[in-house]
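Below, chain A is the first sequence line, B the second, and so on; all start at residue 1.
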Amino acid sequence: MAVEMDKVVSLTKRRGFLFQSSEIYGGLNGFWDYGPLGVELKRNVKECWWRDMVTSHDELAAPPGAPMPYEMTGLDSTIIMHPQIWKCSGHYDLFHDFMVDCRESKKRYRHDQVNGRWVDARGQRFFVTTQLGGTEGEDETQQRALKFLNLRAKDAPSLAWDGPLVSLTTVADFSQVLGPDAKTLGTLTPPREFNLMFKTYVGALSGEEGAAFLRPETAQGIFVNFKNVVDSSRVRVPFGIAQMGKSFRNEITPRNFTFRSREFEQMEIEFFCQPQSSPEWYQYWRDRRYRWYTELGLAGERLRMREHHAEELSHYSCGTADIEYAFPFLPPGEFGELEGVAHRGDFDLRSHMEGKLVRQGNDLVVELGPDGKPRHPGSGRDLSYFDDFTRERFVPHVIEPSAGADRATLAFLCEAYQEDSVPDEKGEPRTRVYLKFHPRLAPIKAAVFPLVKKDGMPEIAVDIYRALKPHFNVFYDEKGSVGRRYARQDEAGTPYCITVDSQTLADQTVTFRDRDTLEQTRVRVDDCVEEVRRRLTGN
RNA sequence: GCGGGUGUAGCUCAAUGGUAGAGCAAUAGCCUUCCAAGCUAAAGACGAGGGUUCGAUUCCCUUCACCCGCUCCA
């Protein structure tokens, strides 16, 4: 598998699909550029998504599996938004983790998730830590203290505990701290802040009052525009708002080619529906999104849908399924997320109304600060929806199919990579590398060749190229042998090659060569545009 | 951020304390009548910075990037 990924990476570089960002300066970890073929491929992925989800959606009839007809519309919000948005969404608190490292065990812990308690014993006073809480944490700290002092369980009464289990955040000096996996004192580094959101400053003066963040997801731009869209576009619940765009996460460890990038592009839908029908819509969107990938060629066993376990669900979610792909760089049996389809309830709209929410039992309540007021106040705007038909007012529930455009592009690339054996000019088998893209995704739709560069063939081929060019991204080539030109197009994933030969001079037909089957059929010169269109749309 | 490995042409690889060769690809031309043929020409690299040395691609240090394992992944 690792070998295959190397081949894919090598091909993408060689043929100009993907380059490392800032390569001539040594590169920048977690950032990638799309080259001439890559930009076409990624554009096609995004255009397929937008067309299939938004512009070609028929809002007059319920699609198969949908509870009822629904509307789809789009949005393009800014990357930098009001900082309060990220406080209410929960990203601010979650993304500002302080971490401590253990020099001895080489492990890393979240500062606020390490607990411990002070103990006096054998003339020493030190802080014994654990990652557990409650009575489990007390048991563990007792065992660890005894072990540290080389005492037996019967010596437990000689330990003088000073106070209950408290967070490591209450301890200023770590010199007398026994780390969760350490055998000696003082192995923990001071807490260091990990900013998982990119910070920037709005305005020429870079004071903290101007601090803002590059969005870590596009979704919040949709939620904060919910009322604008409802008030301006005549959409009625149930409806969805789609958005594509860049997002930024300062990943600790970018890895695996473009899979975990720090700058990446999302394709997100927020689908607003009535609370009582949300489970049906959740099912619909899971299935609809899974089918989208299979229709574009991820049809094999390498694609799967995985429902999250209850304990895996985010704090706001009451159902999430991941659409996953077995990328070649992953160990056998492991899958990487392409898209998460989440039932988010009314968490987001309510957060932007009331303030940041936390789960309390089965309910979501506004998180309060030390002063008893909301920790992160919301906008105070009413984001509820009045349904004229049922005469009901409610806060819509949300189904969120959130896809990674770069991850989808990478999966389509990996899936497309093929090798087979084709006899060459002398009849010897030769390895052929080709990208078996779905025609809709292929960067170049067709290539036009004169079989040889004489007898007027180039002139006819150029005419065909010019006839096709206004409709499709096509490529003209007359250099070298025709076999070499075919091979180059195979490597770029071009599904069709059109060749002008000597028969063309006699009967005005050309050969249409299929990338996958290598079959050639004759088509009239005047029918080329229609033939390409027919093959691309499958009609 | 830690540990291990790697870094020479677009790709795959050589050699060397005295500034580097090849195959394939790519470019130009000739030739070519269906799957990377052939001939000719020209072009192209020691990841970056610093140190040792008369001289460093080679030795040392730092840094950047990639791979593997930890850690992380809302």
If you pin Ala487(A) and Gln503(A) to their nearest nucleotides in RNA chain B, which one's is more 5'?
-> Gln503(A)
Please determine, for the side chain of Trp32(A), which listed nucleotide (C66(B), U32(B), A25(B)) has the closest atom?
-> C66(B)
Do any N or O atoms from the side chain of Arg302(A) and from the backbone of Ala326(A) form a donor-acceptor pair under 3.5 angstrom?
-> yes
For Arg255(A) and C72(B), what is the distance between atoms CZ and P respectively, to the nearest whole Å?
-> 14 Å
What side chain to side chain donor-acceptor pair (under 3.5 Å) pairs are there with at least one residue in residues 23-37 of chain A, not counting sequence neighbours?
-> Tyr34(A)-Asp406(A)
List for me each residue that meets ring pair (Phe, Tyr, Trp, His ring centres under 6.0 Å) alongside Phe226(A), sequence neighbours excluded, and say none if there are none.
-> Phe272(A)
Canonical and wobble pairing (Watson-Crick, G-U, under 3.5 Å) of RNA chain B, dot-bracket with | | (((((((..((((....[..))))..((((.......)))).....(((((..]....))))))))))))....
Counting distance only, does the side-chain N/O of Glu268(A) pair as donor-acceptor with the main-chain N or O of Ala219(A) below 3.5 Å?
-> yes
Think Arg513(A) forms a cation-pi with Tyr486(A), using NZ or CZ under 6.0 Å from the six-ring centre and within 45 degrees of its axis?
-> yes
Determine yes or no for a side-chain-to-main-chain donor-acceptor pair under 3.5 angstrom, with Thr499(A) supplying the side chain and Phe449(A) the backbone.
-> no
Can a donor-acceptor pair under 3.5 Å be found between the side-chain atoms of Glu491(A) and the base atoms of A36(B)?
-> yes
Counting any heavy atom closer than 4.0 Å, what does Leu518(A) reach on the DNA or RNA strands: base, sugar-phosphate only, or nothing?
-> base
Looking for any heavy atom pair under 4.0 Å, which part of the strands does Asn256(A) touch: base, sugar-phosphate only, or nothing?
-> sugar-phosphate
Hey, does Phe257(A) reach any base, or is it just sugar-phosphate, or nothing, if we go heavy atoms under 4.0 Å?
-> sugar-phosphate
For the base of C35(B), is there a side-chain donor-acceptor partner from Arg513(A) under 3.5 Å away?
-> yes
So, does Arg515(A) use its side chain to make a donor-acceptor pair with the main chain of Phe437(A) at under 3.5 Å?
-> yes
Rounded to the nearest Å, what distance is computed from the CD atom of residue Glu519(A) to the P atom of nucleotide C34(B)?
-> 19 Å
To the nearest angstrom, how far is Tyr25(A) atom OH from A48(B) atom P?
-> 13 Å
Validate the cation-pi geometry between Arg535(A) and Tyr496(A): distance from NZ or CZ to the six-membered ring centre under 6.0 Å, angle to the ring axis within 45°.
-> yes
Identify whether any heavy atom of Asp490(A) sits under 4.0 Å from a base atom; if not, whether one sits that close to sugar-phosphate; answer base, sugar-phosphate or nothing.
-> nothing
Between protein and nucleic acid, restricted to nucleotides 28-30 of chain B and to nitrogen or oxygen atoms under 3.5 Å apart, what atom pairs and distances do you find?
unit_1	atom_1	unit_2	atom_2	d
A28(B)	OP1	Lys479(A)	NZ	3.2
A28(B)	OP2	Lys479(A)	NZ	3.4

How close or far is atom C1' of C34(B) from atom CZ of Phe449(A), stated in whole angstroms?
-> 11 Å
Under 3.5 Å: donor-acceptor pair, side chain of Gln266(A), backbone of Thr218(A) | yes
Pairwise P distance, A20(B) and G4(B) [rounded to whole Å] = 34 Å
Quickly work out the Met457(A) CE to U32(B) P distance and round it to whole Å.
-> 12 Å
Look at the side chain of Gln520(A) and the base of C34(B), then say whether one donor and one acceptor between them are separated by less than 3.5 Å.
-> yes
Whole angstrom value for the distance that separates P of G1(B) from CG of Leu196(A) | 14 Å
Distance between C1' atoms of C59(B) and G55(B) (Å, rounded) = 13 Å
Name the one of Lys356(A), His352(A), Arg350(A) that satisfies side chain to side chain donor-acceptor pair (under 3.5 Å) with Glu354(A)?
-> Arg350(A)
Lys/Arg N to Asp/Glu carboxylate O, Glu531(A) vs Arg534(A), below 4.0 Å | yes
Looking at NZ of Lys469(A) and CZ of Phe475(A), how far apart are the two atoms once the value is rounded to the nearest 0.5 Å?
-> 9.0 Å
Would you say the side chain of Ser502(A) and the base of U33(B) hold a donor-acceptor pair, judged only by whether the two atoms sit under 3.5 Å apart?
-> yes
Rounding to the closest angstrom, what is the interatomic distance between C11(B) and C46(B) at atom P?
-> 13 Å
Should Asn29(A) be listed as having a side-chain N or O under 4.0 Å from OP1 or OP2 of C64(B)?
-> no
Side-chain N or O of Arg485(A) less than 4.0 angstrom from OP1 or OP2 on C34(B)?
-> no
Find every protein N or O atom lying less than 3.5 Å from an N or O atom of nucleotides 8-12 of chain B, and list the pairs.
unit_1	atom_1	unit_2	atom_2	d
C11(B)	OP1	Lys13(A)	NZ	3.3

Determine, for Tyr434(A) and Arg432(A), whether the Lys NZ or Arg CZ falls below 6.0 Å from the six-membered ring centre while staying within 45 degrees of the axis.
-> yes
The side chain of Lys454(A) lies closest to which of these nucleotides: C34(B), C35(B), U33(B)?
-> U33(B)
Should Tyr417(A) and Leu435(A) count as side-chain neighbours, where that means a heavy-atom distance under 4.5 Å?
-> yes
Geometric class of the Phe327(A)/Phe329(A) ring pair [parallel <30°, tilted 30-60°, perpendicular >60°] = parallel
Here the distance between atom P of A65(B) and atom CD of Gln20(A), to the nearest Å, is 8 Å
Taking atom C1' in both G29(B) and C34(B), compute the distance separating them and give it to the nearest angstrom.
-> 23 Å
Counting N and O atoms only, with roles assigned by atom type, does the side chain of Arg375(A) sit under 3.5 Å from a partner on the main chain of Lys87(A), one being a donor and the other an acceptor?
-> no
Take atom P in A25(B) and the same atom in U57(B), then report the distance between them in whole Å.
-> 31 Å
P-based separation of A15(B) from C72(B) [nearest Å] = 42 Å
Mind checking the P distance from A48(B) to C54(B)? Whole angstroms is fine.
-> 24 Å
Which word best sums up how the rings of Phe271(A) and Trp281(A) line up, parallel for under 30°, tilted for 30 to 60°, or perpendicular for over 60°?
-> tilted
Calculate the interatomic distance between Asp501(A) atom CG and U33(B) atom P; express it in whole Å.
-> 12 Å
Residues of residues 401-415 of chain A with a heavy atom under 4.0 Å from any atom of RNA chain B, listed by number, are none
Rounded C1' spacing from C2(B) to U58(B) in Å = 29 Å
Starting at the 5' end of RNA chain B and moving along, which residue's nearest nucleotide shows up first, Pro254(A) or Glu337(A)?
-> Pro254(A)
